[in-house]
Novice: 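Handing you a structure now.
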Amino acid sequence: MADVFAQIDALLSDALSELAAVRSADALEQFRIKYLGSNGLVKGSMKLLGQAAKEQKPALGQRLNAVKEQITAAFEATKQAQSQDATADRDYADVTEPGTPLRLGKKHILMKVVDELTELFGRMGFA
């Protein structure tokens, strides 16, 4: 049973060392797929729980959950750090966004008076 705990510890150390080497968003996503994905190594190590003896399952399950939480926390911390680094270097002016439209001319004075009178009569109850 000690070899199972050694496998879990090796998985944790491999994951943390590999995560420390991640420098890009693509590599971070590959790490997530490899370790935390539905067919990842962490989920695959949960199969060891089925092979363990009945009295050793609680300890093994707690250790597996602790390792999964540690890897997930380290992944989230790295993801957060990378997103902060990416926004620090980014220019906030989006050149593809349409600008504010130019206002050409003004309303004619008679149209302003008509609009004011229409609004006034509307407040008095006329439709």
Side-chain angles (χ1 to χ4, degrees):
M1 192 61 182
D3 61 333
V4 174
F5 284 106
Q7 287 178 346
I8 295 170
D9 291 336
L11 174 69
L12 177 63
S13 64
D14 289 346
L16 294 179
S17 64
E18 194 170 318
L19 186 60
V22 169
R23 297 288 177 240
S24 68
D26 293 333
L28 187 64
E29 180 63 18
Q30 292 301 319
F31 172 85
R32 185 193 67 78
I33 292 169
K34 180 178 180 181
Y35 285 97
L36 300 173
S38 60
N39 293 329
L41 295 176
V42 173
K43 192 157 192 154
S45 66
M46 296 289 182
K47 293 178 184 174
L48 296 174
L49 192 60
Q51 300 169 356
K54 186 175 183 178
E55 55 275 345
Q56 295 172 337
K57 284 185 180 184
L60 183 60
Q62 288 175 351
R63 182 66 182 140
L64 283 169
N65 285 334
V67 166
K68 181 179 178 181
E69 288 175 7
Q70 286 178 332
I71 293 173
T72 303
F75 169 76
E76 292 297 330
T78 304
K79 182 178 175 182
Q80 184 72 16
Q82 280 190 357
S83 69
Q84 287 176 353
D85 289 343
T87 57
D89 297 336
R90 191 176 302 159
D91 185 16
Y92 290 105
D94 185 7
V95 296
T96 61
E97 184 177 328
T100 56
L102 297 175
R103 297 198 53 131
L104 297 176
K106 297 181 181 178
K107 259 187 170 178
H108 192 273
I109 188 71
L110 292 178
M111 292 309 299
K112 286 183 184 179
V113 170
V114 167
D115 289 341
E116 288 176 13
L117 289 174
T118 305
E119 191 263 332
L120 176 73
F121 282 115
R123 283 192 313 213
M124 291 190 326
F126 290 97

Novice: Looking at side-chain heavy atoms only, is the closest gap between V42 and V67 below 4.5 Å?
Specialist: no

Novice: Return the minimal non-hydrogen interatomic distance between L49 and L60, and the atom names on each side.
Specialist: CA-CD2, 3.8 Å

Novice: Is the shortest heavy-atom distance from the side chain of Q51 to the side chain of V4 under 4.5 Å?
Specialist: no

Novice: A20 and R23: which non-hydrogen atoms are nearest, and at how many Å?
Specialist: O-NH1, 3.2 Å

Novice: Quick one, F31 and I71 - any side-chain contact, counting heavy atoms below 4.5 Å?
Specialist: yes

Novice: If every non-hydrogen atom of S17 is compared with every non-hydrogen atom of D14, which pair is closest and at what distance?
Specialist: OG-O, 2.9 Å

Novice: Hey, could you give me the CG/CZ distance between L28 and F75, rounded to the nearest 0.5 Å?
Specialist: 4.5 Å

Novice: Please enumerate all residues that pass side chain to side chain donor-acceptor pair (under 3.5 Å) together with E29, with sequence neighbours excluded.
Specialist: R32

Novice: Quick one: pull up OG1 in T100 and CG in L102 and give me the separation to the nearest 0.5 Å.
Specialist: 6.5 Å

Novice: Would you mind reporting whether H108 and V114 have side-chain heavy atoms less than 4.5 Å apart?
Specialist: no

Novice: With sequence neighbours left out, which residue pairs that include part of residues 115-126 fulfil the side chain to side chain donor-acceptor pair (under 3.5 Å) condition?
Specialist: K107-D115, E119-R123

Novice: Of all heavy-atom pairs between K68 and M46, which one has the smallest distance, and what is that distance?
Specialist: CD-CE, 4.1 Å

Novice: How many angstroms lie between atom OG of S38 and atom CD1 of I33, to the nearest 0.5 angstrom?
Specialist: 9.5 Å

Novice: I would like to know whether K79 and E76 meet side-chain contact (heavy atoms from CB on, under 4.5 Å); could you show each step before the answer?
Specialist: CA-CA 5 Å; K79 182 178 175 182; E76 292 297 330; 4.2 Å; yes

Novice: Report the distance from atom CD of Q56 to atom CZ of R63, rounding to the nearest 0.5 Å.
Specialist: 15.0 Å

Novice: State the CG-CD distance between L64 and Q7, to the nearest 0.5 angstrom.
Specialist: 10.5 Å

